[in-house]
2 protein chains.
Amino acid sequence: MYLWHQYYNYMFSLSEENYLKSIYHLEAIHGKGISTNSIAKKLETKASSVTDMIKKLAEKEVLVYKKYQGVSLTILGRKEATTIVRKHRLWEVFLVDKLNFSWDEVHDVAEQLEHIKSPKLIDELDVFLGFPKMDPHGDPIPDKEGNFQKIEKRLLSTLEEHKTGICVGVNDSSSDFLKYLDKNNISLGQKIKVLSKESFDGSLTILIHSKEITISKKISNNIYIQ
Amino acid sequence: MYLWHQYYNYMFSLSEENYLKSIYHLEAIHGKGISTNSIAKKLETKASSVTDMIKKLAEKEVLVYKKYQGVSLTILGRKEATTIVRKHRLWEVFLVDKLNFSWDEVHDVAEQLEHIKSPKLIDELDVFLGFPKMDPHGDPIPDKEGNFQKIEKRLLSTLEEHKTGICVGVNDSSSDFLKYLDKNNISLGQKIKVLSKESFDGSLTILIHSKEITISKKISNNIYIQ
DNA sequence: AAAAATATTTAGGCTTATCTAAAAAATTAT
DNA sequence: ATAATTTTTTAGATAAGCCTAAATATTTTT
């Protein structure tokens, strides 16, 4: 039986929620007017499937859609997406703080947990965890009202030679990337100094934990510093 | 060993898991050979849908099915079902012990949480909760290997006049029933004495918390005592 | 501005899990 | 043992969410 009979305000399927979340994340980067193709790429699906789904979501008034012109979330859609993000990040904190998960293990499980429908569950979890402001990857956790602090941060790849920054987040939460960081002792709160920058390929030689290592542009493009 | 075998429990859909769980619970009451109709009733679906699904589950070798003869879980099917029950009950303990849920609020949320797929999650949750043996309704929680202690218990409705028992479980975890129990101060561990039994309708007058109350047969049929 | 390339939508199908209605088998009653 | 009833299965339909292939619209290149 359908759950939204009980929780009228939670009337989205798992698939619809994933679309909303993806569009939300894309809007955070590219602003309004998200293309069909970019959504398809993000969700690893086909553009035709995206067209089908955005028509449905437009009817539910969580986004605005005009043929060939991309989509934008409405206030309602953004609220819904923010709730999903809130759930995802709170569950990640739970897994790391309470269940001994490492930061590279939480993403896939949180992808499932974020779809659990119970307003009480998520708000009590927030209380239980002590109202955390950040998830294990340094991303902000929206509060009950959907507000969160946007922290100052820039990509490590934009830091000038001889300057120092503190790692405050990552741009990729995949297990592979995070394991790479672990292997190289790069973690949140860590001081990183750029010793030199290779102009040909953008690779950086950095000082971390009093050790020199060289990282590719792809890596430095996925590390946020402050 | 093949990879899929290690994660064999990953290959069931939410719907398949619900069928397995229902058949498991029905077998606990009625033994092997569960009828199509009883499964349909339990899952609030149609017999024809059940026939379709049990054919599919038989192909996956989690149950044995012969036309017109009902179904029985295989070892594999029982193991899978036990895992789902383990997850359901551990999540219920989590909700009550850590998130301030009352015992009448946990069932629906646990119905969702039990389908989250992550072996590490459930075993770490077990550790975090201190390896609980019982859920908030007095039902035993299977351990990692699927073993659990079957506790001695009988229905309150079978207790003779003037005898006393201790409430150790309930046979219905619906919010309505549990709220009724709360209202009448009936909870796990509570001493209950049967003062008199009405032979016409089976209703009982019981002494609980030094107070006399009368409960219907339907109620006493859903309370387990020891 | 026309041609080429790219992006998006439409049309038609597939799969899963459900349903209703009808047929078939099993059980119960007479 | 036959008729009536109940249970179960089959047949065919539906909806969600995805797919491929083809058509159409938009953008870029020349």
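Chain naming here is simple, since letters A, B, ... match the order of the sequence lines and numbering starts at 1 in each. Owing to the predicted nature of the structure, the values given are computational and were not obtained by experimental measurement.
- Residue contacts for Ser15(A): at a heavy-atom cut-off of 4.0 Å it reaches the sugar-phosphate backbone alone, with no base atom in range.
- Taking atom CE of Met53(A) as the reference point, atom C1' of dT9(C) lies 16 Å away to the nearest angstrom.
- Here dT8(D) presents its P atom at 14 Å from NZ of Lys55(B), a figure rounded to the nearest Å.
- For Asp176(A), there are no side chain to side chain donor-acceptor pair (under 3.5 Å) partners two or more places apart in sequence or in a different chain.
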Considering only distance and modelled atom types, tabulate donor-acceptor pairs under 3.5 Å from the side chains of residues 140-149 of chain A, sequence neighbours left out.
| residue | atom | partner | partner atom | Å |
| --- | --- | --- | --- | --- |
| Asp143(A) | OD1 | Glu145(A) | N | 2.8 |
| Asp143(A) | OD1 | Gly146(A) | N | 3.0 |
| Asp143(A) | OD1 | Asn147(A) | N | 3.0 |

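- Look at Lys21(B) and Glu114(B) and you find a salt bridge, because one of the NZ, NE, NH1 or NH2 atoms lies within 4.0 Å of a carboxylate O, short of that distance.
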message = Walk along nucleotides 19-26 of chain C from 5' to 3' and tag each nucleotide B, S or - by protein heavy-atom contact under 4.0 Å, base first, then sugar-phosphate.
response = BBB--BSS
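- What separates CD1 of Ile54(A) from P of dT8(C) is a distance of 9 Å, to the nearest Å.
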Do any side-chain atoms of residues 59-66 of chain B form donor-acceptor pairs under 3.5 angstrom with protein atoms, and if so which ones, sequence neighbours left out?
| residue | atom | partner | partner atom | Å |
| --- | --- | --- | --- | --- |
| Lys60(B) | NZ | Met11(B) | O | 3.2 |
| Lys60(B) | NZ | Glu16(B) | OE1 | 3.3 |
| Lys60(B) | NZ | Glu16(B) | OE2 | 3.1 |

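- Enclosure of atom NZ in Lys32(B) by more than 12 non-hydrogen atoms of other residues, nucleotides or ligands within 6.0 angstrom is indicated.
- Atom NZ of Lys66(B) is separated from atom C1' of dT9(D) by 17 Å (rounded to the nearest Å).
- If you check residues 28-38 of chain A against DNA chain D, you find no residue with a heavy atom closer than 4.0 Å.
- Residues meeting the ring-ring contact (aromatic ring centres under 6.0 Å, His included) test with Tyr19(A), sequence neighbours left out: none.
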Please set out all donor-acceptor pairs under 3.5 angstrom arising from side-chain atoms of residues 94-105 of chain B, sequence neighbours excluded.
| residue | atom | partner | partner atom | Å |
| --- | --- | --- | --- | --- |
| Asn100(B) | ND2 | Glu124(A) | OE1 | 3.2 |
| Ser102(B) | OG | Asp104(B) | OD1 | 2.9 |
| Ser102(B) | OG | Glu105(B) | OE1 | 3.1 |
| Trp103(B) | NE1 | Asp182(B) | OD1 | 3.0 |
| Trp103(B) | NE1 | Asp182(B) | OD2 | 3.4 |
| Asp104(B) | OD2 | Ser175(B) | OG | 3.4 |
| Glu105(B) | OE1 | Lys120(A) | NZ | 3.2 |
| Glu105(B) | OE1 | Ser102(B) | N | 2.9 |

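- The nearest whole Å value for the distance from the CD atom in Glu59(B) to the C1' atom in dT16(C) is 14 Å.
- For the pair Lys60(A) NZ and dA16(D) C1', the computed distance is 10 Å after rounding to whole Å.
- Rounded to an integer number of Å, the gap from CG of Asn18(B) to C1' of dT18(C) is 14 Å.
- Applying the side chain to side chain donor-acceptor pair (under 3.5 Å) criterion to Asp126(B), with sequence neighbours excluded, gives Arg86(B).
- Tyr19(B) has a side-chain polar atom (N or O) that falls below the 4.0 Å cut-off from OP1 or OP2 of dT18(C).
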Please tabulate, one pair per line, all N/O donor-acceptor pairs under 3.5 Å involving side-chain atoms of residues 218-226 of chain B, not counting sequence neighbours.
| residue | atom | partner | partner atom | Å |
| --- | --- | --- | --- | --- |
| Ser220(B) | OG | Lys217(B) | O | 3.1 |
| Asn221(B) | OD1 | Ser157(B) | OG | 2.7 |
| Asn222(B) | ND2 | Lys218(B) | O | 2.9 |
| Tyr224(B) | OH | Asn171(B) | OD1 | 3.3 |
| Gln226(B) | NE2 | Glu152(B) | O | 3.2 |

